[in-house]
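Structure first, commentary second.
Note: hydrogens, waters and symmetry copies are ignored here, and every other heavy atom, side chains too, is used.
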Protein chains: 2
Amino acid sequence: MFSNACEYGLKALAYIASRSIENQRVKIWDVSKYAGSPAAFTAKILGKLSKENILNSYTGPNGGFQMSPDQLRDVKVADVVRIIDGDDLLVKCIMGLDGCNADKPCPLHYQYAGIKQNINKMLTNTSIYDLAVGLNAGETMLRREVK
Amino acid sequence: MFSNACEYGLKALAYIASRSIENQRVKIWDVSKYAGSPAAFTAKILGKLSKENILNSYTGPNGGFQMSPDQLRDVKVADVVRIIDGDDLLVKCIMGLDGCNADKPCPLHYQYAGIKQNINKMLTNTSIYDLAVGLNAGETMLRREVK
DNA sequence: TTAATTTAAGACAAAATTATCTTAAATATT
DNA sequence: AATATTTAAGATAATTTTGTCTTAAATTAA
């Protein structure tokens, strides 16, 4: 479904958002620790997302990563998936048939059509903020336990 | 969703099944041509599937690939996906959270639960035969046009 | 201005995936 | 038996993904 990079990116953002809601800026080691993702690799992913205005990064002491209220409000899971994995998951035919549609369907087209629609809904309707609130409420988690 | 290898495998099987229904055995070049997949790579995938009794292969003149009536009846898309891609798609957490469940859910758990269930249904309820009948009826296709 | 902290950027490397090519084995036909 | 046909198996290679390491740049504080 998602690539490792995308999973890391979403988990990192969920954590950063959960702290941003509390007006906290977090460092890459914190992110790595709480999201359970390799620090250097996650840093590279966050750099890419930062360039795309998904979150903000700051160098120097008191630096780190943070999401603005605007970003918390606007960024959807779909935006992150598109940046990291491209839009295959949102648009591609499940059998890889180029130009698959209701007129020229692949053999799985109709079985998959509803699922694809629901995946699109999930990705476009869920914001990073939505991922974060459950974390802060202790209702959801990013890893089994924090070392 | 599926790997390239899995897409090739499913398309190849759909074509082989469509010919097997007509009691025809097909050669790898035919498969490659009609499924639009690289021949040598597809052959390797079919070799693996053949070992797992998804279809039968025959060497020599009049050789090729064919599915038996039993295989046509019994083989589900899920079987093929499991052999080629493993069972991640059927069981894994969308965020990669180890041990994600309703008690310890990842932030996307509830949004994804229904989708995951529907993916499982699609894969376990659809047989390779189902993929083939639409092809023979001219209702579905495996590639834009055959060169 | 110097030193410490933190992310940025890119080189480097390991592993997985995708793909091709060559040789071997099996089978059928003559 | 010899030959042609076809898949099997494994070597090889290219590409992508995953991941680390080093150095640079930015920022803060003393």
Side-chain angles (χ1 to χ4, degrees), chain A residues 1-13 15-16 19-20 24-33 35-67 81 83-86 88-89 92 95-96, chain B residues 1-13 15-16 19-20 24-33 35-67 81 83-86 88-89 92 95-96:
Chain A
M1 178 84 37
F2 298 149
S3 66
N4 283 3
C6 192
E7 286 179 11
Y8 296 157
L10 287 172
K11 287 197 266 194
L13 281 177
Y15 174 67
I16 293 164
R19 307 303 309 153
S20 297
Q24 299 285 312
R25 190 176 287 180
V26 293
K27 301 190 200 323
I28 190 61
W29 286 110
D30 252 6
V31 174
S32 170
K33 185 179 164 190
S37 55
F41 194 31
T42 305
K44 183 167 295 186
I45 294 160
L46 290 178
K48 194 173 185 181
L49 293 174
S50 174
K51 274 192 181 171
E52 301 273 0
N53 193 35
I54 298 300
L55 79 167
N56 300 114
S57 68
Y58 306 90
T59 55
N62 306 320
F65 297 94
Q66 192 168 15
M67 292 183 77
V81 173
I83 291 168
I84 304 181
D85 282 348
D88 274 7
L89 185 59
K92 218 192 91 177
M95 292 192 75
Chain B
M1 178 85 34
F2 298 148
S3 66
N4 282 4
C6 192
E7 286 178 11
Y8 296 157
L10 288 171
K11 286 197 267 195
L13 281 177
Y15 174 69
I16 292 165
R19 306 305 308 151
S20 297
Q24 298 285 311
R25 190 177 286 181
V26 293
K27 301 190 200 323
I28 190 60
W29 285 111
D30 251 7
V31 174
S32 170
K33 184 178 163 191
S37 56
F41 194 32
T42 304
K44 183 166 294 187
I45 294 160
L46 291 178
K48 194 174 184 180
L49 293 173
S50 174
K51 275 191 180 172
E52 300 274 358
N53 194 35
I54 297 299
L55 80 168
N56 301 113
S57 69
Y58 306 89
T59 55
N62 306 320
F65 297 94
Q66 192 167 13
M67 292 183 76
V81 173
I83 291 167
I84 303 180
D85 282 348
D88 274 7
L89 185 60
K92 218 192 89 177
M95 292 192 74

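With D:dT6, C:dT18, C:dA11 as the choices, the nucleotide that has an atom nearest any side-chain atom of B:Thr59 turns out to be D:dT6. When distances are taken from the side chain of B:Phe65 to each of D:dT7, C:dT18, C:dT27, the shortest belongs to D:dT7. Counting only heavy atoms from C-beta on, A:Ala40 has its side chain closest to D:dT20 among D:dT18, D:dT20, D:dA8. In this structure, of D:dA9, D:dA8, D:dT28, it is D:dT28 that holds the atom nearest to the side chain of A:Pro61.
Rounded to whole Å, atom P of D:dT20 lies 11 Å from atom CD1 of A:Ile45. What separates CG of A:Leu49 from P of C:dA9 is a distance of 13 Å, to the nearest Å. The distance between atom CD of B:Gln66 and atom C1' of D:dT7, rounded to the nearest whole Å, is 15 Å. Atoms CG (B:Asp88) and C1' (C:dA16) sit 14 Å apart, rounded to a whole Å. Distance, A:Leu55 CG to C:dT7 P: 11 Å, rounded to whole Å. The interatomic distance linking B:Lys27 (NZ) with D:dA8 (P) rounds to 13 Å, in whole Å. One can place CG of A:Leu46 at 14 Å from P of D:dG19, the figure rounded to the nearest angstrom. Taking atom CG of residue A:Asn62 and atom C1' of nucleotide D:dA29, one finds them 9 Å apart after rounding to whole Å.
Of all heavy-atom pairs spanning A:Asn62 and A:Arg25, the tightest one is O-NH1, 3.0 Å.
The closest side-chain heavy-atom distance from A:Leu10 to B:Met95 is below 4.5 Å. By the 4.5 Å heavy-atom criterion applied to side chains, A:Val26 and A:Gln66 are not counted as neighbours. By the 4.5 Å heavy-atom criterion applied to side chains, A:Met1 and B:Lys92 are not counted as neighbours.
At a threshold of 4.0 angstrom between heavy atoms, the contacts of A:Lys48 with the nucleic acid are absent. Looking at heavy-atom distances under 4.0 Å, A:Ile28 makes contact with sugar-phosphate atoms alone, never a base.
For D:dA8, the OP1/OP2 oxygens have a side-chain nitrogen or oxygen of B:Ser57 closer than 4.0 Å. Taking side-chain N and O atoms only, A:Tyr8 has no distance below 4.0 Å to OP1 or OP2 of D:dT18. Look at B:Asn4 and you won't find any side-chain N or O under 4.0 angstrom from OP1 or OP2 of D:dT16.
Taken to the nearest 0.5 Å, the OG atom of B:Ser32 stands 9.5 Å off from the OH atom of B:Tyr8.
In terms of position on DNA chain C, the residue among B:Pro38 and B:Tyr58 whose nearest nucleotide sits closer to the 5' end is B:Pro38. For A:Arg25 and A:Cys6, each mapped to the nucleotide of DNA chain D holding its nearest heavy atom, the one lying further toward the 5' end belongs to A:Cys6.
Counting distance only, with no hydrogens placed and no angle test, the side-chain atoms of A:Lys44 and the base atoms of D:dT20 include a donor-acceptor pair under 3.5 Å.
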